[in-house]
Structures are given as C-alpha cells and as structure tokens.
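Report on the following structure.
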Amino acid sequence: MNYAELVDEIQSYTENTFQTVDIDTFIQQAEQRIYNTVQLPALRRNVTGTTTIGNKYLAMPADWLATFSLAVINGNNEYLYLLNKDVNFIRQSFPDTDADFYGEPQYYAVFDNTSFIMGPTPDANYDVELHYFYYPESITTAGTSWLGDNFSSTLLYGSLLEAYTYMKGEADVIAQYQKRYDDAMFLLKQLGDGKDRQDAYRSGQVRVKVV
C-alpha cells in the first residue's frame, strides 16, 4: 500500500475528506506509535566513523534515536564494544585531558542530542561503528515504506484510530478500530520481536500443537 492508496482507504473508511496536513499527521502519529512498539530490522541502521586523537566527543547521526551498540575497531581489525555509562561516570573516571592519560576508548555516554562522550580520550584515530535505532522516512513524504509494503494493516488501522479520534467519532467504532489495530500489532510483534530474532537451526521450527 502506497501513500495515495492509504489516503484513499482512510477517507473511505471514515467517509470523510481531510485536509492533507491533517491526514499526514494521522499517518505520522500512527507510524510513531508502531515504531515505538515493535523492533523491526527496517528501523536499524549502521554507520561508520573515526575518532580524533585528543577529542573525547564523537558526533552522532542526525537521525539517531537510540543506540544498539557502539564499537571501536582496533589495529587488528577487532571489534571492541564500548560499555554504556553515565556522563558523570566518564568525567569522573577520566578527568585528566593530558595526553599521557589518553587510551583506547572503553566507555561511552550520550552527551547531548548531537554527540557521544568517550572514555578514555582516544589516543589514536580509531574507526568506529554505530548500530542504532532511527525512524525511517515517513510514507507521507517517501510515497512508500516498509510498513506500507509489508504490514499495511497496522499502518491503516493505526491511522484510522488517529483520524476517528480527531473526528470525535463514536466509541464503539473506535473500539473496533482499536481491536483491529491490536490484532495487526500482535502479528507484527510476532515478526519483529519473535521470528526476526531466531532461526530454525537454534530455535527449531514453529510448531502448532495437534489435538
């Protein structure tokens, strides 16, 4: 389901015609709710960068929302995963900025909305790899999305909930949309939080009990 098809379905279900700004808000609110309810591979991104000698700060991507892992890649091409700590821990544990106290980073913390802080301060220009959570571009601007292509039911019923709430619709209809949304989210969570995190070799194939 692409953006135009989604808009047509929302207006058809609600028997209402909305302004574009309103219908885009419904869809974006539904996307935000879905993305914060289930972890999907489509919400993960990897980027690489480089530390700077003597600079304990590392810039984060503009679309960063949360970190899955941050690793330093040393000269032997080994991944050394940094431990997440509080900013105060890093400042207290590595207070001296003298070059004699520089070293290979072992810890990191979210310093502000644009950068991480590392400890100790890097003693070399290390390659780093960040695995993080982000919001994909909304279907309202991209025209298509992973949700629209693979799980359009969650996007449709999530948007209908927002639209019908905006219309101050009848409680029984909202309850029906809520149930449809919950059913769709149950299936999506089975995929994102279940099937995508296992395989048949280690977890065995899915079995339904025969009675």
How about Asp182 and Gln178: does a side-chain donor come under 3.5 Å of a side-chain acceptor?
yes
For Asn16 and Gln11, does a side-chain donor sit closer than 3.5 Å to a side-chain acceptor?
no
Approximate separation, where rounding is to 0.5 Å, of Thr67 OG1 and Leu70 CG:
7.0 Å
Between the CD1 atom in Ile139 and the CG atom in Asp24, the distance rounded to the nearest 0.5 Å is 10.5 Å
Could you go step by step and tell me if Asp8 and Tyr3 meet the side-chain hydrogen bond (donor to acceptor under 3.5 Å, both in side chains) rule?
CA-CA 9 Å; Asp8 286 344; Tyr3 171 69; over 6 Å; no
Same apolar cluster: Leu58 and Ile53, side chain cutoff 4.5 Å
no
Tracing side-chain contacts under 4.5 Å among Ile, Leu, Val, Met, Phe, Trp and Tyr outward from Tyr57 reaches Leu83, Val87, Phe89, Ile90, Phe94, Tyr107, Phe111, Ile117
Salt bridge (charged side-chain N to carboxylate O under 4.0 Å, His left out) partners for Lys179, two or more places apart:
Asp183
Please test Leu161 against Arg33 for side chain to side chain contact (heavy atoms under 4.5 Å, CB included), starting from the C-alpha separation and ending with a verdict.
CA-CA 11 Å; Leu161 272 174; Arg33 181 191 301 200; 3.7 Å; yes
Taking every non-hydrogen atom, the tightest pair across Gln106 and Pro120:
N-CD, 3.8 Å
Joint hydrophobic cluster, Leu160 plus Met167, side-chain heavy atoms closer than 4.5 Å
yes
Report whether Tyr79 and Leu82 are members of the same hydrophobic cluster (ILVMFWY, side-chain heavy atoms less than 4.5 Å apart, transitive linking).
no
Going by atom types only, do Thr48 and Glu129 share a side-chain donor-acceptor pair under 3.5 Å?
no
Using only heavy-atom distances, determine whether the side chains of Asn88 and Asp86 contain a donor-acceptor pair under 3.5 Å.
yes
Verify same cluster id: Leu80, Ile73 (apolar side-chain graph, 4.5 Å):
no
Kindly assign one of parallel, tilted or perpendicular to the pair Phe18 and Tyr166, based on the angle between their ring planes and the thresholds 30° and 60°.
perpendicular
Are side-chain N/O atoms of Thr25 and Glu162 paired as donor and acceptor at under 3.5 Å?
no
Could you tell me the separation between the CE atom of Met60 and the CG atom of Leu130, rounded to the nearest 0.5 Å?
8.0 Å
Can you check side chain to side chain contact (heavy atoms under 4.5 Å, CB included) on Tyr157 and Ser159, steps first, answer last?
CA-CA 5 Å; Tyr157 286 109; Ser159 301; over 6 Å; no
Determine, using the 4.5 Å side-chain heavy-atom cutoff (strictly less than), whether Trp146 and Tyr132 are members of one ILVMFWY cluster.
no
Could you tell me the separation between the CG atom of Asn150 and the OG atom of Ser145, rounded to the nearest 0.5 Å?
8.5 Å
Which atom pair, heavy atoms only, marks the closest approach of Leu155 to Ala30?
O-CB, 4.3 Å
Could you please spell out the steps behind the side chain to side chain contact (heavy atoms under 4.5 Å, CB included) verdict for Lys85 and Tyr108?
CA-CA 6 Å; Lys85 294 289 186 178; Tyr108 80 97; over 6 Å; no
Find the distance between OH (Tyr181) and CG (Leu188) and round it off to the nearest 0.5 Å.
8.5 Å
Apart from Val21 itself, its cluster of hydrophobic side chains linked below 4.5 Å comprises none
Residue set satisfying side-chain hydrogen bond (donor to acceptor under 3.5 Å, both in side chains) with Asn125, at least two apart, ordered chain then number -> none
Go through the structure and list residues passing salt bridge (charged side-chain N to carboxylate O under 4.0 Å, His left out) with Arg91, not counting sequence neighbours.
none
How long is the straight-line distance from CE of Met1 back to CZ of Phe151, given to the nearest 0.5 Å?
13.5 Å
Aromatic ring centroids of Tyr13 and Tyr164 under 6.0 Å?
no
Show, in sequence, the C-alpha distance, side-chain angles and deciding distance for Val110 and Phe116, and conclude whether the side chain to side chain contact (heavy atoms under 4.5 Å, CB included) test is met.
CA-CA 5 Å; Val110 175; Phe116 301 106; 4.1 Å; yes
Going by atom types alone, do Asn36 and Tyr135 pair a side-chain donor with an acceptor below 3.5 Å?
yes
Is it possible for you to check whether Arg45 lies under 6.0 Å from the centre of the six-membered ring of Phe133, through NZ or CZ, and within 45° of that ring's axis?
no
Please enumerate all residues that pass side-chain hydrogen bond (donor to acceptor under 3.5 Å, both in side chains) together with Ser69, with sequence neighbours excluded.
none
